[in-house]
Amino acid sequence: MQRRLPVCKDGISLDYLSRSSCYLFRCYSVSCTRNLGYGNHEITREIDVEGLFRACTKSEDVKHLHALLTVSGKAKSSFVATRLINMHSYFGNVSLSRYTFDQVLDKDSYTWNSMISAYVRNRQSSKAVKCAFEMLSRTDVRPDFHTFPPVLKACSALIDGTSLHCCILKSGLEWDVFVASSLVHMYCRFGFADRAYTIFKDMPFRDTGCWNSMISGFFQNDNAKEALRILDDMILEGVKMDSVTVATMLSVCAQLNDLLRGMLIHLFVIKHGLEFNVFVSNALINMYAKFGELKCVPNVFDHMHVRDIVSWNSIIAAYEQNNNPYVAIKFFHRMQVNKVQPDLLTLVSLSSCVAQMKDPLWVKSVHGFITRKCWITEDIVIGNGVIDMYAKLGITDSAQKVFERLPHKDVISWNTMITGYAQNGLAAAAVEVYNCMKENKDLKPNQGTQVAILPAYAHLGALRDGMKVHSQVLKENLELDVFVSTCLVDLYGKCGRLSEAISLFYQVSRETSVPWNTIISCHGLHGLGETSLKFFEEMLNEGVKPDHVTFLSLLNACSHSGLVDQGKWCFQVMQQEYEIMPTLKHYGCMVDMFGRAGLLETAYNFIESMPMKPDASVWGALLGACRIHGNVEMGRKASSHLFELDSQDAGHYVLLSNLYANFGRWEGVNEVRSLARDRGLWKTPGWSSIELNNKIEVFYSGNQSHPQYEKILEELGKINAKIKSLGYTPDTSFVLQDVEVDEKENILAHHSERLAIVFGILNTPPKTCIRIYKNLRSELKISIDIIICSRRKEVPDISSVRGMHVQGLAYFGAVS
DNA sequence: CTAGGGTTAG
């Protein structure tokens, strides 16, 4: 273990200072040791021992010396023993320190203080505190100025600190600057900045260290403003900032969003020659990174004389947090070239880089490295990082495994897992995790939890559950939080409660594009493209800059409302006025828009003119359009491109098969189906769900396992008969199996959504709103039943259909 | 001989 030497005020390790003198001492000690070992000389003068100790550079040196001193009977003297205790502790051998300590018969305060410091130095806080209380209970030694600062540092609980405070008052040591500053620091550590401040302001003399304690104390307790005020007082009293003050203040500026002050401090740093202090440079890197000022970061980093692990971690994190994972990785490589061992925090940043790069090879090596170091059990932050990494790459089962094996899960672990599922479209799994989380009484869901679960509820259309979260939000006064509110706008919007969404929207701070994108997107979703465009206009009037998501939402809106010209306009404005390069997703939207409008040729030419290689989603959009408009030839073209891309999406095969089936070309159907089977793809089953009595009931077509299945079937038969008598003729062209017309009707009649509606009718009183959700609703790709087909388009207010039974019936038969 | 205050995180 390396000798931990104290660090002097300017951050230069004493190691450097002592290195030159070390050689001299070593020569001296060699002669002394010879004398001791071979010449039978006794060490008589204390200065001899002193020199010997200073010459020790290895743990073995101390042990060797210890042995020699034991032989000569010196090891039990309190003076020599005290030095031995210190030396052993520098090399991490606390047990040897303790052994030496126990051998001493006449322990003085030096001996006790050294033993306490030995524990503190080696992070054995509870033993340090125990040792201190043992000392305090004795009558033969008195604590002095040196006793309390280290013990106060070691306190792990406020109770210890308070009783130590009483002892300090009894000994009359409370006016010592060191002791008082340690008290200030201790109270701040346990979150009692105010109590610390009362001690601080009554101190008759305050040195820089003491001011620093108070400033960092407020900062650590999330009171950066107060920290700034203390700094002003400090300057007013004529105390000069030192490197410690500067390092702390740079973090304060970052938290207060005060870039200007941070840069002024940087000037101060240069003027006073503090820029070569490691702490200061590290703090500068962190501050500039927080402000996204990456230009300044390499400057600071390259000018550093000494770089420690924090410097490397800081620069890696700087690029990682500013969405520059590749540069971050480059610094990680440079770190390895410089033979600096990565630590836990390096890996936290690294896993986030991997999550951004979505590189499956890195995932394994990063996780493997962390596992070999056993860091997952050591720190919750890294466990959460690994979960997030897997989730961002869409490997949710690995994420789940890591999550389950975490020895201790905090709120962020749960939030990460919920977000992981939700963002991979596995909303039901997200809800399941959330429900488990709620069972754990020790956990308090926070803002992050709400932001995680609300999109999942919105995805499932679980309005009631979402509203429960909303009430929770109101209870906790979080309604003004932009993130939560935007999620709520999204929830109400997706569930068709557009007026609620709008009124919420106007309560949110609308400075960024995110809330705008949400409100534009949910209107587009319900076929209200004109309204979406109006919101876009309003957005521009309020001076908010649209981003690529804004245009994606707009194009989607135009596509769903058949607003081809407006869509073309958006696509143009995006590139010319806002210099946003269209991505594959934008192209996909355009193709979808042309396709839905029946402009299949335009869509095809548009694809041909793309500057990049179209991916499966683009061809898929065209194929979907061919399915709607019954264009087999174009459909064949689109699908030949699609299957070339080796699409893993079963939906595309289904689409083509449906297209063939529509025209009765069953040989085509069989061909596509066997192709899909060969590639190991299986159709995602469609399901419909309904929320009843806080429970979500899911129905699959032909699924007979529901407890009320018989009843539903009976009622469904009655309703089907009734609507037929009202003049409804089933459009069997939507049934894509090669079966007799009777059977087709039967399949249609037992579609999952019908089962869900009947279940709703059976289990709710009249005039209750019945709201059904389908997993495949927004896609064109799956066989579509009359009811569901473009419920967003033709029946935009479907989700607010007041399901009176009669109206329900009308709805049942009305859409074709 | 022994002491306090500082920088990085999902």
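Letters go in sequence order (proteins before strands), and every chain restarts at 1.
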Exercise. Any idea which of B:dA9, B:dA3, B:dG6 is nearest the A:Lys290 side chain?
Worked result: B:dA9

Seminar exercise, completed: Taking B:dG5, B:dA3, B:dA9 as options, the one with an atom nearest any side-chain atom of A:Pro149 is B:dA3

Problem set entry | Partners passing salt bridge (Lys or Arg N to Asp or Glu O under 4.0 Å) against A:Arg98 (at least two apart in sequence or in another chain) | A:Asp102

Problem set entry | Selection from B:dT2, B:dT7, B:dG5 that lies nearest to any side-chain heavy atom of A:Ser213 | B:dG5

Exercise. So does A:Arg121 get a side-chain nitrogen or oxygen closer than 4.0 Å to the phosphate oxygens (OP1/OP2) of B:dA3?
Worked result: yes

Exercise. Rounded to whole angstroms, how far apart are CG on A:Leu84 and P on B:dT2?
Worked result: 14 Å

For this session: Could you state the atom-to-atom distance from CD1 of A:Ile309 to P of B:dG6 in whole Å?
Result: 20 Å

Exercise. To the nearest Å, how far apart are A:Asp176 CG and B:dG5 P?
Worked result: 14 Å

Exercise. Do the side-chain N or O atoms of A:Ser109 get closer than 4.0 angstrom to the phosphate oxygens (OP1, OP2) of B:dC1?
Worked result: no

Seminar exercise, completed: Side-chain atoms of A:Asp308 come closest, of B:dG5, B:dT7, B:dA9, to B:dT7

For this session: Would you mind checking if A:Lys373 and A:Glu378 are paired as a salt bridge, meaning a charged N to carboxylate O distance below 4.0 Å?
Result: no

Exercise. Base, sugar-phosphate, or nothing: which does A:Asp144 touch, judged by heavy atoms less than 4.0 Å apart?
Worked result: nothing

For this session: Give me the ring orientation class for A:His88 and A:His66: parallel if the planes are under 30° apart, tilted from 30 to 60°, perpendicular past 60°.
Result: tilted

For this session: For the side chain of A:Cys210, starting at C-beta, report the closest nucleotide among B:dG4, B:dG5, B:dT8.
Result: B:dG4

For this session: Tell me what A:Thr416 touches on the nucleic acid: a base, only sugar-phosphate, or nothing, going by heavy atoms under 4.0 Å.
Result: nothing

Exercise. Would you call the rings of A:His305 and A:Phe276 parallel, tilted or perpendicular if under 30° counts as parallel and over 60° as perpendicular?
Worked result: parallel

Problem set entry | Distance, rounded to the nearest Å, where A:Trp312 contributes CH2 and B:dT8 contributes P | 19 Å

Problem set entry | Charged tip of A:Arg334 within 45° of A:Phe331 ring normal and under 6.0 Å | no

Exercise. Which part of the nucleic acid does A:Leu284 contact within heavy-atom distance under 4.0 Å: base, sugar-phosphate only, or nothing?
Worked result: nothing

Problem set entry | Side-chain N or O of A:Gln255 closer than 4.0 Å to phosphate OP1/OP2 of B:dT7 | no

Exercise. Between B:dC1 atom C1' and A:Asp108 atom CG, what is the distance in whole Å?
Worked result: 10 Å

Problem set entry | Enclosure of A:Phe369 CZ (heavy-atom neighbours >12, cutoff 6.0 Å) | yes

Exercise. Nearest to the side chain of A:Thr208 - B:dT8, B:dT7, B:dG5?
Worked result: B:dG5

For this session: Please confirm whether any donor atom in the side chain of A:Asp207 sits under 3.5 Å from an acceptor in the base of B:dG5, or the reverse.
Result: no

Exercise. Contact class for A:His185 vs. all strands (heavy atom < 4.0 Å): base, sugar-phosphate, or nothing?
Worked result: sugar-phosphate

For this session: Check every atom of B:dA3, B:dG4, B:dG5 against the side chain of A:Asp242 and return the nucleotide holding the closest atom.
Result: B:dG5

For this session: Measure distances between side-chain N and O atoms of A:Asn282 and base N and O atoms of B:dG6, and say whether any donor-acceptor pair falls under 3.5 Å.
Result: no

Problem set entry | A:Arg229 with A:Glu226: basic N within carboxylate O range, under 4.0 Å | yes

For this session: Return the value, rounded to whole Å, for the distance between atom CG of A:Leu344 and atom P of B:dT7.
Result: 18 Å

For this session: Pick base, sugar-phosphate or nothing for A:Asp379, based on heavy-atom distances below 4.0 Å to the nucleic acid.
Result: base

Seminar exercise, completed: Winner on side-chain proximity to A:Leu345, out of B:dG4, B:dT2, B:dT8, is B:dT8

For this session: Take atom CH2 of A:Trp112 and atom C1' of B:dT2, then tell me their distance rounded to the nearest Å.
Result: 15 Å

For this session: Check every strand shown and say whether A:Thr248 touches a base, only sugar-phosphate, or nothing at a heavy-atom separation below 4.0 Å.
Result: sugar-phosphate

For this session: Please work out if A:Asp388 contacts a base, only the sugar-phosphate, or nothing of the nucleic acid, heavy-atom cut-off 4.0 Å.
Result: sugar-phosphate

Exercise. Which listed nucleotide (B:dG6, B:dA9, B:dT7) is nearest to the side chain of A:Ser251?
Worked result: B:dT7

Seminar exercise, completed: Closest of B:dT8, B:dG4, B:dC1 to the A:Phe79 side chain is B:dC1

For this session: Grab the CD1-P distance between A:Ile215 and B:dT7 for me, whole Å please.
Result: 12 Å

